[in-house]
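The chains referred to below are lettered A, B, ... by the order of the sequence lines, with proteins before strands, and numbering in each begins at 1. The analysis underlying the following values was restricted to heavy atoms, covering all of them including side chains, and did not include hydrogens, waters or symmetry mates. These numbers were taken from a predicted model, which means no experiment stands behind them.
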Amino acid sequence: EPEVTQTPSHQVTQMGQEVILRCVPISNHLYFYWYRQILGQKVEFLVSFYNNEISEKSEIFDDQFSVERPDGSNFTLKIRSTKLEDSAMYFCASSELKAYSGNTIYFGEGSWLTVV
Amino acid sequence: DQQVKQNSPSLSVQEGRISILNCDYTNSMFDYFLWYKKYPAEGPTFLISISSIKDKNEDGRFTVFLNKSAKHLSLHIVPSQPGDSAVYFCAASAGYGNKLVFGAGTILRVKS
């Protein structure tokens, strides 16, 4: 069964450092997303991406965050200068159609980011 | 953001019995609802979904019911199995965007 894959599974970084989280969405999917879950909290939407541009972003997704699809398979989330409060599990996801159209979003296993 | 609420933090059920997980929402624009199962340190796994034009959708042991007038949906698992023990998240999306809004989750424990 096709799946969303993410690397790294766990990363520890110093505050102020740049981090790049990588994802390979399901191959025939066109919509890509990043969500995060801070320990003990809800899964929160960060950003959605379609046709090589951001289609929607949350208030969490400030100027420190960026996304990119550098080639035909990878989708990355960059945090330029990490803060302690960025420590969370980051989930990449993908779907064939927009969620409101009734299609389903499939999630990767997550990248656990710890900022120290 | 309290648009999707799962008011029961946990539920304990005996193996073989029915598990009923509940979810309430406030945003009338939501038109698609999903249930995900999640284990610690893993990503959410899609279980079942329902469109707002339906009131029931069934897939094997899993059935989702939607009551639009009450803005309430529920997930029924029959019969419950120990492997069903996990955190269950309700999520919803609206026609004006494509993000999912998640509830806080309900921990289901199925005892053998």
Between Tyr36(B) and Thr104(A), which heavy-atom pair has the shortest distance, and what is it?
OH-CG2, 4.1 Å
Looking only at heavy atoms, the pair that brings Gly43(B) and Phe91(A) closest together is CA-CE2, 3.3 Å
Can you confirm whether more than 12 heavy atoms, excluding those of Lys83(A), are under 6.0 Å from its NZ atom?
yes
Does CG in Asp63(A) sit with more than 12 non-hydrogen atoms of other residues, nucleotides or ligands closer than 6.0 Å?
no
What about [X] and [Y], same hydrophobic cluster or not, with Ile/Leu/Val/Met/Phe/Trp/Tyr joined at side-chain heavy-atom distances under 4.5 Å?
{"X": "Ile79(A)", "Y": "Met15(A)", "answer": "yes"}
{"X": "Phe102(B)", "Y": "Phe46(B)", "answer": "yes"}
{"X": "Leu21(A)", "Y": "Phe65(A)", "answer": "yes"}
{"X": "Tyr88(B)", "Y": "Leu11(B)", "answer": "yes"}
{"X": "Val67(A)", "Y": "Met89(A)", "answer": "no"}

Can you tell which part of Ala91(B) gets under 4.5 Å to a heavy atom of chain A, answering side chain, backbone, both or neither?
neither
Atom group of Gln37(A) that falls short of 4.5 Å from chain B, counting heavy atoms
side chain
What verdict does the side chain to side chain contact (heavy atoms under 4.5 Å, CB included) test give for Phe89(B) and Lys42(A), after you've listed the backbone C-alpha separation in whole Å, the side-chain angles of each residue and the deciding distance to 0.1 Å?
CA-CA 9 Å; Phe89(B) 289 95; Lys42(A) 288 185 180 184; 6.0 Å; no
Checking Tyr33(A) side chain against Leu100(B) main chain: does a donor-acceptor pair fall under 3.5 Å?
no
Side chains of Phe107(A) and Glu42(B): does their closest heavy-atom pair fall under 4.5 Å?
no
Flag the one option from Ala104(B), Pro44(B), Gly105(B) with the top tally of heavy-atom pairs under 4.5 Å to chain A.
Pro44(B)
Tell me, out of Glu44(A), Gln6(A), Glu109(A), who's got the most heavy-atom pairs with chain B below 4.5 Å.
Glu109(A)
Of Val4(A), Val43(A), Val47(A), Leu46(A), the largest count of non-hydrogen pairs under 4.5 angstrom with chain B goes to Val43(A)
